[in-house]
Amino acid sequence: MSTLLSFRDVWVEYGDRIIIEKLNLDIEEGAFVSIVGPSGAGKSSFLRLILGQEGPSRGVITLDDTPLKPECGPDRGVVFQRYSVFPHLTALRNTILGLECEKAPVLGRLFGSARRAAVEEATEMLTAVGLGHSLDLYPAQMSGGMQQRLAIAQALVKRPRILLLDEPFGALDPGIRADMHALIRNLWRKYSLTIVMVTHDIREAFSLGTRVLALDKRRHDPHAPHRFGATVVYDLPMRERAEETEAE
Amino acid sequence: MRWVNRQVGRGGRVLLGAVPILLLLLVYIVMAASRHAVNPADKILPLPGAMAESMSALLFVPDQLTGQLVFWADTMASLQRLGIGLGISTLMALVVGLALGVLPPVRATFGPLVTGIAVIPPIALLPILFIALGLGETSKVALIVIGIAPVMIRDIAAHVSALPREQVIKALTLGANSWQVMIRVALPQAMPRLLHAIRLALGPAWVFLISAEAIASDVGLGYRIFLVRRYLSMDVILPYVAWIALLAIAMDMALTFLSHRLFPWAHGESH
Ligand SMILES: Nc1ncnc2c1ncn2[C@@H]1O[C@H](COP(=O)(O)OP(=O)(O)OP(=O)(O)O)[C@@H](O)[C@H]1O
Ligand SMILES: [Mg+2]
């Protein structure tokens, strides 16, 4: 498989605090990468780098061999733990939004046959995440799990090159989390997605990922903990696991 | 049962709410009656009959000079000034507030100016308005706008910039540009807040309206009140004040109704 995303000697610093240091990493197309690590290690900062919400202080990140601009774009989708869906839009409209932004730069809305096509595409995506019967619900009327399903559909309808998940199931109860695991694994296969997921749940990281990365500080200075940043301390390919799930 | 747990039903609420109002009315009538028992020509606390009499003259008998029904002419003039003032302020709050809230460069450029204008007591600007814009309608509307627009603008800007950062990021990953973030993400979520801001601005708007009318005008609810004050005509002043209160309550209720109707998602009703 070809390399989709690559980090070359990437550093992230806030003032004199080093968060991520000397990160070198390649992520293959089609991978499902789980990121684990202690709280405050810089996992969300790492996702923000890929997202383009922040640029690295040093080093380069390339997506499809072109350097990433420090700005979010439609080639990278994201689902946060919370606030990923728009409270003022129904499920369907939340999902159509991405299609409307692309095709209607001035009005931000589609009409007529263009709108019908968008509705059809969005409905299909919502059905794929199991929200086929909840098209007209507002997020406030949905459970946490349904809102995360919606957030996923909303991101996938843009067919992003890479999907970023920041503790997407962290706020859900265990039963629903298992459903969501099945869902995300199916979507990953069905749409040949590349996924980078940050999680605190080690079991989740190992059961879903084709590769598990642990972010942590390699060195500790007890007198100045902020002088060292985190980097990838473990990089575990889950090859057997991936083959096993494929054989299922 | 503890008091924090005592819920009052709909009928009970109307009943309970009416009690203090009716009591106040009763106290007024008793006091007015006792004053009139001592001095039948008392003007300070007129009896309901006297009020009805003087009001019917203003309501139904055309004025000799202008040929208009005074009460309705006053009401229309005041509502028109209030409406234009509120309309302009609302539009400004929406456009300027959105731009300030969403676009950091705009906030950096105009934020201090808006804050500066907001801290000036508007009444202190009234002489400037009268000098610059004359004594006509413009200066009255301008006073309302200067009085309420900065507060509304700041409210909308603060509300919009407090939207979760995740929402803006999400919109950008959906391919939105700055303009689309404004009209598809920020604007709709600012609308319920805008209606709320109008409700809160109604009180000050009336204050500025009545002030402007009291100082320079020839028609309007505030003008009338301050005119008849010279003759101690409490029989006109009190009904006028009650009428202003009624208008204000009606506007407040209409805005609340509108907000629930248009933006059900913002009121969590659908739960
Ligand atoms: N804008 C910022 N300015 C300064 N420091 C920041 C900023 N954002 C994050 N940090 C710091 O960077 C470190 C890493 O933060 P980050 O949110 O990436 O951690 P995390 O691994 O996602 O933690 P958690 O598991 O709790 O979500 C933290 O110590 C945090 O204080
Ligand atoms: Mg985090």
Side-chain angles (χ1 to χ4, degrees), chain A residues 44 47-48 50-54 69 71-90 93-109 122 136-143 150-151 153-164 166, chain B residues 93-95 97-99 101-105 155-197 255-256 258-271:
Chain A
S44 298
L47 276 200
R48 281 201 293 274
I50 307 180
L51 199 53
Q53 196 182 337
E54 277 162 28
K69 272 186 288 184
E71 193 163 43
C72 310
D75 49 351
R76 285 149 288 159
V78 67
V79 175
F80 297 106
Q81 186 171 358
R82 294 175 61 201
Y83 304 122
S84 290
V85 293
F86 300 108
H88 61 289
L89 297 175
T90 60
R93 285 164 181 267
N94 254 296
T95 315
I96 298 177
L97 183 63
L99 304 169
E100 287 177 319
C101 282
E102 182 188 340
K103 292 175 193 141
V106 178
L107 290 178
R109 286 172 192 283
D136 295 321
L137 292 188
Y138 284 101
Q141 297 168 295
M142 297 179 161
S143 68
L150 174 55
Q154 195 183 27
L156 289 188
V157 86
K158 294 296 290 180
R159 308 292 151 144
R161 293 288 288 140
I162 186 161
L163 179 63
L164 307 168
D166 195 350
Chain B
L94 201 59
V95 174
L98 265 188
V102 178
L103 308 172
D155 188 51
I156 296 300
H159 180 71
V160 168
S161 59
L163 288 177
R165 184 80 198 135
E166 284 88 343
Q167 282 194 16
V168 178
I169 303 289
K170 183 80 187 194
L172 296 177
T173 64
L174 295 179
N177 53 33
S178 298
W179 168 245
Q180 288 167 328
V181 170
M182 276 176 78
I183 61 165
R184 292 303 312 270
V185 179
L187 173 67
Q189 296 193 69
M191 286 309 290
R193 183 65 176 215
L194 187 68
L195 290 188
H196 186 71
L255 285 168
T256 311
L258 215 64
S259 183
H260 280 260
R261 196 64 197 270
L262 296 177
F263 315 112
W265 53 267
H267 300 278
E269 281 181 322
S270 20
H271 259 294

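Note on naming: letters A, B, ... go to the chains in the order of the sequence lines (proteins, then strands), and numbering restarts at 1 for each one.
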K.L.:
Can you tell which part of Phe80(A) gets under 4.5 Å to a heavy atom of chain B, answering side chain, backbone, both or neither?
P.N.:
side chain

K.L.:
Closest heavy-atom contact between Cys72(A) and Thr173(B)?
P.N.:
CB-CG2, 4.2 Å

K.L.:
Would you sort out whether Arg184(B) and Leu89(A) count as a side chain to side chain contact (heavy atoms under 4.5 Å, CB included), showing the intermediate values?
P.N.:
CA-CA 10 Å; Arg184(B) 292 303 312 270; Leu89(A) 297 175; 4.0 Å; yes

K.L.:
Which bit of Val85(A) is near chain B, if near means a heavy-atom gap under 4.5 Å: side chain, backbone, both or neither?
P.N.:
backbone

K.L.:
Given that the side chain runs from C-beta out, which part of Gln167(B) has a heavy atom under 4.5 Å from chain A: side chain, backbone, both or neither?
P.N.:
both

K.L.:
So, Lys170(B) side chain and Val78(A) main chain: donor-acceptor pair closer than 3.5 Å or not?
P.N.:
yes

K.L.:
Check Pro105(A) against Trp179(B) and note the closest heavy-atom contact, atom names and distance.
P.N.:
O-CD1, 3.6 Å

K.L.:
Rounded to the nearest 0.5 Å, how far apart are CZ of Arg109(A) and CD1 of Ile183(B)?
P.N.:
7.5 Å

K.L.:
So what's closer than 4.5 Å to chain B heavy atoms on Glu71(A): side chain, backbone, both or neither?
P.N.:
neither

K.L.:
With only heavy atoms counted, which part of Ala104(A) is less than 4.5 Å from chain B, the side chain, the backbone, both or neither?
P.N.:
backbone

K.L.:
Between OH of Tyr138(A) and CZ of Phe263(B), what distance do you get to the nearest 0.5 Å?
P.N.:
10.0 Å

K.L.:
Verify the neighbour count for atom OH of Tyr83(A): are there more than 12 heavy atoms of other residues, nucleotides or ligands below 6.0 Å?
P.N.:
no

K.L.:
With a 4.5 Å cut-off on heavy-atom pairs, point out which of Pro87(A), Gly98(A), Ser84(A) contacts chain B the most.
P.N.:
Pro87(A)

K.L.:
By a 4.5 Å heavy-atom criterion (distance strictly below it), what part of Leu137(A) contacts chain B: side chain, backbone, both, or neither?
P.N.:
neither

K.L.:
CG/Leu174(B) to CD1/Ile96(A) distance, rounded to the nearest 0.5 angstrom?
P.N.:
12.5 Å

K.L.:
What heavy-atom pair brings Cys101(A) and Ala176(B) nearest, and what distance separates the two atoms?
P.N.:
SG-CB, 3.6 Å

K.L.:
Pick from Lys158(A), His88(A), Glu102(A): which one has the most heavy-atom pairs with chain B under 4.5 Å?
P.N.:
His88(A)

K.L.:
Name the option with the most non-hydrogen atom pairs under 4.5 Å to chain B; the candidates are Pro139(A), Gly73(A), Ala155(A), Pro160(A).
P.N.:
Gly73(A)

